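The next block holds one structure in the form of structure tokens; read it before the comments.
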Amino acid sequence: MSILEISNLSLSFGGVKALQDVSFRVPENTVTTIIGPNGAGKTSLFNCISGFYKPQQGTIRYQGQPLPGSIKPPKRAALGLARTFQNIALFRGMTVLDNIKLGAHVHMKSGLLSALAYFGPARREEMEVRKEVEERIIDFLEIDHIRRQPVASLSYGLQKRVELARALAMQPKVLMLDEPVAGMNREEKEDMARFILDIREEWGVTVLMVEHDMGMVMDISDHIAVLNFGQVITEGLPADVQNNPEVIKAYLGNSDIDSLRKKLNAEGEAA
Amino acid sequence: MDWLFFGEISLAGLAMGGLYALIALGFVIIYKATRVINFAIGEIMMFAAYLFLAFAGGMEMSPWIALPLAVIGGSILGGVIEKTMIRPMLGESPISVVMVTIGIASILVGLVEFIWTADPQLLPNFLPREPVFIGELYLAPKIAYGFLIGSALLIIYLLYFRFSRGGVALRATASDQAAAYSMGINVRRVFNMAWVFGSLAASLAGVLVAATGGLSPQFGIIGLSVLVVVIVGGLDSILGALVAGVFIGWLETVAGAYLGGEYRMPATFLVLAVILVIRPYGLFGTHEIERV
Amino acid sequence: QDKEPIVFGGSIPLSGVFAFAGIHIHAGLTDYTNWINSQGGINGHPVKYVMEDTAYEVDRSVAAFKKISGSSSPATYYGDSTGFMKAIASELNSQGNTLMSGASFATVLTDNETYPYQFIPGPNYSQMFGIILEYIASQGEGGDMPNVAFVYSDTEFGKDPIENGKARAAELGIEVVEEIVTKPGSVDVSAEVLKLRRVRPDYVVFHGYVLSPINEFMVQMRQMGLDTQFMGTFWSSDKLIIDKMGADADGYMGVMPYNYYDSEESGPMLDALRAQAEKSDPEAGYRPTGYMQGWFNAMVWTEVVKRTLDAGKELTGDNMAEALASIEDWDTGGIIGIPVTVRDMSFPVGRIWRVNADEGRYEPVSDWIHLD
Amino acid sequence: MEALLEIDNIEVVYNKSVQVLRGLSLRVPKGAIVALLGSNGAGKSTTLKSVSGLLTLEDGEVTAGEVRFKGQDVKGTPPEKLVRNGLFHVMEGRRVFEDLTVEENLIAATYALSGSKPSLSDSYELVYNYFPRLKERRKQLAGYLSGGEQQMLALGRALIAQPDLIMLDEPSLGLAPLLVEEIFTIVARINREQGTAILLVEQNAAVSLAIASYGYIMENGKIVIDGPADKLTANEDVQEFYLGVGGKEGEARSYRDIKHYKRRKRWLS
Amino acid sequence: MRIGDAKQSYEADEAIWTSQTQKLWLGFFLLILLVFPFVVDSYLLYLGCLVGIAVISTTGLNILTGFTGLISLGQAGFMGVGAYTVAWLSINTALPFPVTLVLAGLMAAAVGILVGLPSLRVKGLYLAIATLAASVFLHFIFAEWESVTGGMGGLSLEPAHLFGLTFQSDFSMYFIIVPLAVLMVLAARNVFRTRIGRAFIAIRDRDISAEILGINLLRYKLMSFALSSFYAGVAGGLFAYFYRVVTPESFPLSMSIFYLAAVIVGGMGNLLGGILGAAFMTLVPEALKLLTAALTPFYPNAPVFMSPMLEIIFGALIVGFLIFEPHGLAEIWHRIRRFFRLWPFKN
Ligand SMILES: Nc1ncnc2c1ncn2[C@@H]1O[C@H](COP(=O)(O)OP(=O)(O)OP(=O)(O)O)[C@@H](O)[C@H]1O
Ligand SMILES: Nc1ncnc2c1ncn2[C@@H]1O[C@H](COP(=O)(O)OP(=O)(O)OP(=O)(O)O)[C@@H](O)[C@H]1O
Ligand SMILES: [Mg+2]
Ligand SMILES: [Mg+2]
């Protein structure tokens, strides 16, 4: 069963064709990864799914239901489409805890009047969310020691983790991660990989990921789609994709440090 | 419809609009580099006009010497303000800096009242007094000549920003200060120059406007009506300042003439509201790039 | 002098749009206070003048009033604007122990029901228009009545006399050919001038301005070759106009209830005023109309307080209002050229003056006119 | 070899309260590529900023130690002077001027050239030569370039300035593998062809140690180990924590079988 | 010095006043507010009322500008709407003041929503100018819609009344204004303990990502406008009852700037800052006047000489403040508190 089905999606900005006739499926309860060169349209695709960009053509089906343009981003979030951003988009004026609670926003109901009064329904709801956030998410991601800190003071890696926590608070069915380990060292990448695998296994959430770190992508993905110039060039299991010559030419290169080193040395000697 | 009357009114409005454009230029240059709307611009205009009064009236210099002196005085004032009060605010939120400019406005008003008293003043006459006729159409001489002098400066600025890399430095600085630094752009100097040249335009406009409308410590309010111009034109567009200045000047005058003086402001602000809804960054302003 | 001082309070605009007048009003009030004290005060009571700067903002004026009346219960009080006079009315009425006048000549203040403790130290703005229009009518020959245009500022006091003015013009058979509203202060008025050029009024009456844009109207209209006569109400008839406009001011006319400082008239009070002004600031020379107005206000207050004390009554609002109403054929010692009588809490008297630019002063062109 | 840049025992404090660098020293010889590695928040970017003088913009201050560029203390020299003196800092996150076109971005960089303006069109050609893709897009707003293209532009701006030392802060961030290779190849080419020294801050330890001749690794504001690049590559801790080699006989470890507990680094503790 | 305050429950953790010391101080402060009118002279009482009104309005503007990041130069206009609503109602109906005040708030909120509509597209300083446009229109309506607003002359109204009581003196007004101010600040504080307040802050920090996280931008921006102008409307209504006359010139642009300055000088996005800012902006000019009064005996012309000086000093204070403490009075306050919390163990 696929939880997300993209068919014939096209999006362009003036002359720039960000997506052209893109179709692929995200099988339920998998880690599916989209890879592709910079500017291939990966983030744009996420933006279409989130409802931030409106594709000129094509449909997106989520749990079998179409998501037309009339369903706005907040509604989509409420339906279970959560995401993190390529450039960290935390709310810098808030603490870690508040940032995470914000993820639960769509699942809360209290209105302005009860908020003004606070005591009563608003407080009850706030406490429920607090409990959920503390006991499920903060514990799970091991960030209890920083929950009162303003996010601006955190290191990059921790900020990424808080973003993940916030997305989890949205109670997603599909979690979209845009370059979750960019800018991290090996050690931090390993932590993140572990969280992603656990989220899929223990929480049963489908993960849709964009990432350039091939080591991690190949290790943890169940399914990979390759985008180039706004088009899907291939789709399949990691091993198949890795050896696809088109993918190597457009995206992977030889991705081997030793051969790079040799190439550099050779050039050096030639010069 | 009395077309002759309409023509004359329009002409008067367009000429006034030229002066608006000049003031708007003062806003735009400063905004372009520093992302700050300078709410003290009206007061800088006022200060320059008072300087002119002091030079030409008090010290009895020839107005044609007093004019450049006053304009230079106004520019220096702008430079000093930037150096002492705006530069320490580098990196703070734009609205805080705007508030600082409002504080500066208050200081300047107090200073003017202190030096020149609160009495309303008239500038010594220095523009020719013979009526100007364009075809059948009468145009008050002061605004006609004011328009000519103002346009000259306007054209110089336009040419400069079109044909030199100064414009790029200005925009680069506005776009990302730290990156501009790392590029070897002297950001402090760019800021200072923006204030100096912005104040220069404003100062010239100040003397010209005061020459037609009189001068008092409340003179600075005019800066506010010109805000409409810069928003309609686009806060960071020199061309926008020009087009919107002339248009708003015309509109205001026509509305005032046909509907009554109390309709001047609402008419222009109505246009402003419409523009903001259909083009949020003004006619020629740059769109902010928004990506996630 | 051990007697309790009598307090004159004041909300005075020493900064803001009205500061040019406020400073002189303040000087007039101060000098009068010093003068009356040098004369032994009021029935032996010394006079104390307490003021605050208001920047001509209503809420600050109110604040000043509350502050001053909280600390020193003033018998009389100077209010700086029509807005303030209205805002303070209910407070004043409920306190009931201060009599107030000030810079405003607003017509509404003559309504005794609403403003029982406020009076106008001269004719109200409508009465000023009345005086001006009467003068204009007197210039008409036979059936050939001159026509007139009103130019006024878009402010509370600017609009005050316009309706009454139009009604009065109609009564007198004067046609109001154009009405122009502008912002006060520095604005470009070429379009308005073009409008007046179409209707070619014989007279233009300005109201609600100090200087600009009166000068622009006059200069531009004369450049166009019109021979319109220009006139203005109290605050538009200061010598400032001559000082700043020079020769361009020649022929401008104003209505003024007091003698100008440099007029040729004299009288014991006028002489005392000049002597006191000379004494307090020998450098100043001429004193503007704001000074005269401040002085006259204080003079009326003194008269009222004196009458109340003489009658053996307490200085309550009611008693002082009664004393004020009792003023009849009062000799102001030359400040006003004829004896005056209070009607509806105002002094409906005035005279038309005309600028003689060569001499650099206003000269009377009509007799004193006392409306009934 | 003669040192172009020497950092001696510097300490840096942000907002007068947070200490980030605690006695850090390193040197970059003329014409060399030196890599500076370290985990997030170790203070790598801070190190570069304290060299280029951009620290003050963020309310940071060098409270102790000395930074010498070409033998001269940089303290008190405003950033733009340093740039004109041949020190170019390519900041983290690309920082292109988004609402300027590609070409205007390059024009802005000409301010780094001191005194006489060398023929500008030549320098543009040089940039377009290294990055043909930028030439195609030169009238486009830089804000709409893809990540890799923006990184190229950032490097292109550095080239225009003809510096003696380029400090590159995470140039591979967010780039596709092919591009990472491309960028690093170009960096190596620039180093070789122009003789420009490069101080390279990177998370991608494998690639940066491949092109660098010397490397430093920092944690918590100071250098924990340093050495020639090949020595570092062979270091067991570096392999475990930066290169992901470990477990069975020096093979690459899979992300799938990560333990929930971790081995401690030897250089900490 | 305060030691150890571990919380046993999430409720206790999320309370506003979490320690005994804080509760004690709060009680002390409320007591002072209660005793204040009985011990001060009429002028201080008057100032107390003014500060109260300013606190309400500033808190409102803080919600909009400080917390939601939407800069507004229309606050005076919204207050005007509230004031005219109260004036009109009290002239034309017999409603008691609590009802008219609520209606004033609602009316202002309605206008606020209208003015807020462009905020979805227009941002930053452009939005500030859009709200400036709105206040020009409001002024125009106040001045020209004579049948309702009384034109330039404005409206005069009767004192507030309830159950046969009339609130005429400043003393009695104090007991309306100050409790209301306390209540409204508390309500605002509550909002920022809930999802709505978080949504506001999220919009301020990064509106587009907030939207993708499920926050309906239009709805929350308008809600912020409505809430903010509700506060302004109530403050305007109190203003009307306090001065009992409302004219178009009672709500000039300088008043909007005054409130914006209060928010910024106090500390944007900080309720306590807003309160401090409101008090600062109201009281500083008064303090400066005291200075004049102190000089007058020695230099009789001091009032004339000092009034431009005061403008200079006032401007310089704002400028100096922002330069030396850009995060406002709230930051200074926190610094003092930190100092005392550790006291006597420094550092
Ligand atoms: N709002 C926009 N306006 C104009 N062009 C855009 C916009 N957003 C994206 N593009 C263009 O669409 C193309 C795809 O961009 P996108 O950000 O989706 O790439 P990506 O695959 O995520 O690349 P990267 O790996 O570098 O993040 C690029 O050419 C980009 O310039
Ligand atoms: N402007 C600042 N104000 C306060 N603290 C800062 C500031 N900039 C950085 N820091 C702190 O200094 C430490 C080092 O930051 P720095 O950016 O130098 O790390 P880095 O090694 O470059 O990390 P990354 O790999 O994430 O880029 C971090 O803990 C960070 O939180
Ligand atoms: Mg992307
Ligand atoms: Mg870094």
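These numbers come from a predicted model, not from an experiment. Below, chain A is the first sequence line, B the second, and so on; all start at residue 1.
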So that I know where these two stand, are Phe140(E) and Phe142(E) an aromatic pair - ring centroids less than 6.0 Å apart?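 No, too far apart.
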
So which part of [X] gets closer than 4.5 Å to some heavy atom of chain C, the side chain, the backbone, both or neither?
{"X": "Ser250(E)", "result": "neither"}
{"X": "Glu311(E)", "result": "side chain"}
{"X": "Tyr46(E)", "result": "side chain"}

Applying salt bridge (charged side-chain N to carboxylate O under 4.0 Å, His left out) to Glu144(E) and Lys159(C), what does each step give before you reach the verdict? CA-CA 12 Å; Glu144(E) 302 295 324; Lys159(C) 291 183 170 177; 3.3 Å; yes

Checking heavy atoms, do the side chain of Ser71(C), its backbone, both or neither come under 4.5 Å from chain E?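 For Ser71(C), no heavy atom lies under 4.5 Å from chain E.
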
Tell me, side chain or backbone of Val58(C) under 4.5 Å from chain E's heavy atoms, or both, or neither?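 Neither part; nothing is under 4.5 Å.
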
Could you go step by step and tell me if Glu52(C) and Lys67(C) meet the salt bridge (charged side-chain N to carboxylate O under 4.0 Å, His left out) rule? CA-CA 9 Å; Glu52(C) 284 259 346; Lys67(C) 182 173 175 186; 2.8 Å; yes

Contact summary for Leu109(C) and Ser104(C), nearest pair of heavy atoms: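 Between these two residues, the closest heavy atoms are CD1-OG, 3.7 Å.
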
Gln293(C) side chain to Tyr78(C) side chain, donor-acceptor N/O pair below 3.5 angstrom: yes

I'd like to verify something: which residue of Ala63(C), Ala19(C), Ser69(C), Ala27(C) has the highest number of heavy-atom pairs under 4.5 Å with chain E? Ala63(C)

